[in-house]
Amino acid sequence: MYKVMRAAMRLLLPLIIRLHIVGREHFPTEPPYILAMNHLSIFDAPTVLITCPHTIRALATDKHKRNPIYCPLLVIMRAIWVRRGEPDREALRQSLEVLKQGGVLGIAPEGTRSHEKHALQQGKVGVAYLATRANVPIVPVGIAGTEQVKRNVLRLRRTDVQVVVGEPLRLPSAGRARGAQLEEYTELIMERLAALLPDEYRGVYA
């Protein structure tokens, strides 16, 4: 079903977006790795779906279970549902299992959609935590333009969407990083992600 969905998105998305991909060669030849991306709209997931050469298991907030359009896509992608506003140990366990089994884990380090001017907000330590526990690289992916797709579709216009894939980042030390070290690693991850985005999308990392 994942392959069918990817094929369908490759046919349908060009009807509403003009996709420009930079740095696709930076994807590792083989997983495991974490794909860390900024989050602008519901069109991010299908855009990354057709950009990444590997099958992605994404973390998604459980509020999307109520979305009749977005939820089926996430179910097909076998999303890991995360409860908002509380530590979710089961989601962490599933995430680590994906990486230990050689998969790709897709995460938005901000933990939510970028609402204010679609610019980066403060990153959370989840990506750094998982990367150090599983000892896997992080592939930063910057997305720009998907926040305009819905408005332009209503105007019967296609939207230019840019996806920039950065070089894989492996954190300085693996193992059980905690506290201040996780915060430091998170800043490094977010700075790498911000560098892939146009200035107006960089937010607190400008």
Any heavy-atom pair between the side chains of [Y] and [X] that's under 4.5 Å?
{"X": "Ile16", "Y": "Arg158", "value": "no"}
{"X": "Tyr33", "Y": "Pro168", "value": "no"}
{"X": "Val141", "Y": "Leu196", "value": "no"}
{"X": "His118", "Y": "Gln148", "value": "no"}
{"X": "Leu130", "Y": "Leu96", "value": "yes"}
{"X": "Leu105", "Y": "Leu35", "value": "no"}
{"X": "Ile34", "Y": "Val127", "value": "yes"}
{"X": "Tyr205", "Y": "Leu197", "value": "no"}

Could you grab the distance from atom [atom1] of [X] to atom [atom2] of [Y], nearest 0.5 Å is fine?
{"X": "Arg93", "Y": "Lys100", "atom1": "CZ", "atom2": "NZ", "result": "10.0 Å"}
{"X": "Lys124", "Y": "Leu182", "atom1": "NZ", "atom2": "CG", "result": "14.0 Å"}
{"X": "Thr55", "Y": "Lys3", "atom1": "OG1", "atom2": "NZ", "result": "7.5 Å"}
{"X": "Glu110", "Y": "Thr186", "atom1": "CD", "atom2": "OG1", "result": "12.0 Å"}
{"X": "Arg24", "Y": "Thr51", "atom1": "CZ", "atom2": "OG1", "result": "6.0 Å"}
{"X": "Asp62", "Y": "Leu74", "atom1": "CG", "atom2": "CG", "result": "11.5 Å"}

In terms of hydrophobic clustering (I, L, V, M, F, W, Y; side-chain heavy atoms under 4.5 Å; direct or indirect links), are [X] and [Y] co-clustered?
{"X": "Leu15", "Y": "Met9", "result": "yes"}
{"X": "Leu19", "Y": "Leu11", "result": "no"}
{"X": "Phe27", "Y": "Val22", "result": "no"}
{"X": "Leu188", "Y": "Val164", "result": "no"}
{"X": "Tyr2", "Y": "Trp81", "result": "yes"}

Examine distances only and state if a side-chain atom of [X] and a backbone atom of [Y] form a donor-acceptor pair shorter than 3.5 Å.
{"X": "His20", "Y": "Gln162", "result": "no"}
{"X": "Tyr201", "Y": "Gly145", "result": "yes"}
{"X": "Asn152", "Y": "Thr159", "result": "no"}
{"X": "Asp88", "Y": "Val82", "result": "no"}
{"X": "Thr146", "Y": "Asp44", "result": "no"}
{"X": "His54", "Y": "Thr29", "result": "yes"}
{"X": "Arg170", "Y": "Asn135", "result": "yes"}

Could you check whether atom [atom1] of [X] has more than 12 heavy atoms from other residues, nucleotides or ligands sitting under 6.0 Å from it?
{"X": "Glu167", "atom1": "CD", "value": "no"}
{"X": "Arg157", "atom1": "CZ", "value": "no"}
{"X": "Arg78", "atom1": "CZ", "value": "no"}

Of all heavy-atom pairs between [X] and [Y], which one has the smallest distance, and what is that distance?
{"X": "Ala131", "Y": "Leu171", "value": "CB-CD1, 4.0 Å"}
{"X": "Ala60", "Y": "Ala79", "value": "CB-CB, 4.2 Å"}
{"X": "Ile50", "Y": "Arg6", "value": "CG2-O, 3.9 Å"}
{"X": "Arg202", "Y": "Ala194", "value": "NE-O, 2.9 Å"}
{"X": "Ala36", "Y": "Pro109", "value": "CB-CG, 3.9 Å"}
{"X": "Ala91", "Y": "Ser95", "value": "O-OG, 2.8 Å"}

Are Arg18 and Asp160 ion-paired here, with the side-chain N under 4.0 Å from a carboxylate O?
-> yes
Tell me, with the steps shown, if Tyr185 and Thr132 meet side chain to side chain contact (heavy atoms under 4.5 Å, CB included).
-> CA-CA 10 Å; Tyr185 289 168; Thr132 55; 3.9 Å; yes
From Ile80, Ile56, Val104, residue fulfilling side-chain contact (heavy atoms from CB on, under 4.5 Å) relative to Val98 =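 Passing option: Ile80.
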Derivation of the side chain to side chain contact (heavy atoms under 4.5 Å, CB included) call for Val204 and Gln121 | CA-CA 6 Å; Val204 298; Gln121 304 170 72; 5.6 Å; no
Test log, rule side chain to side chain contact (heavy atoms under 4.5 Å, CB included), inputs Val163 and Val48 = CA-CA 8 Å; Val163 176; Val48 172; 5.7 Å; no
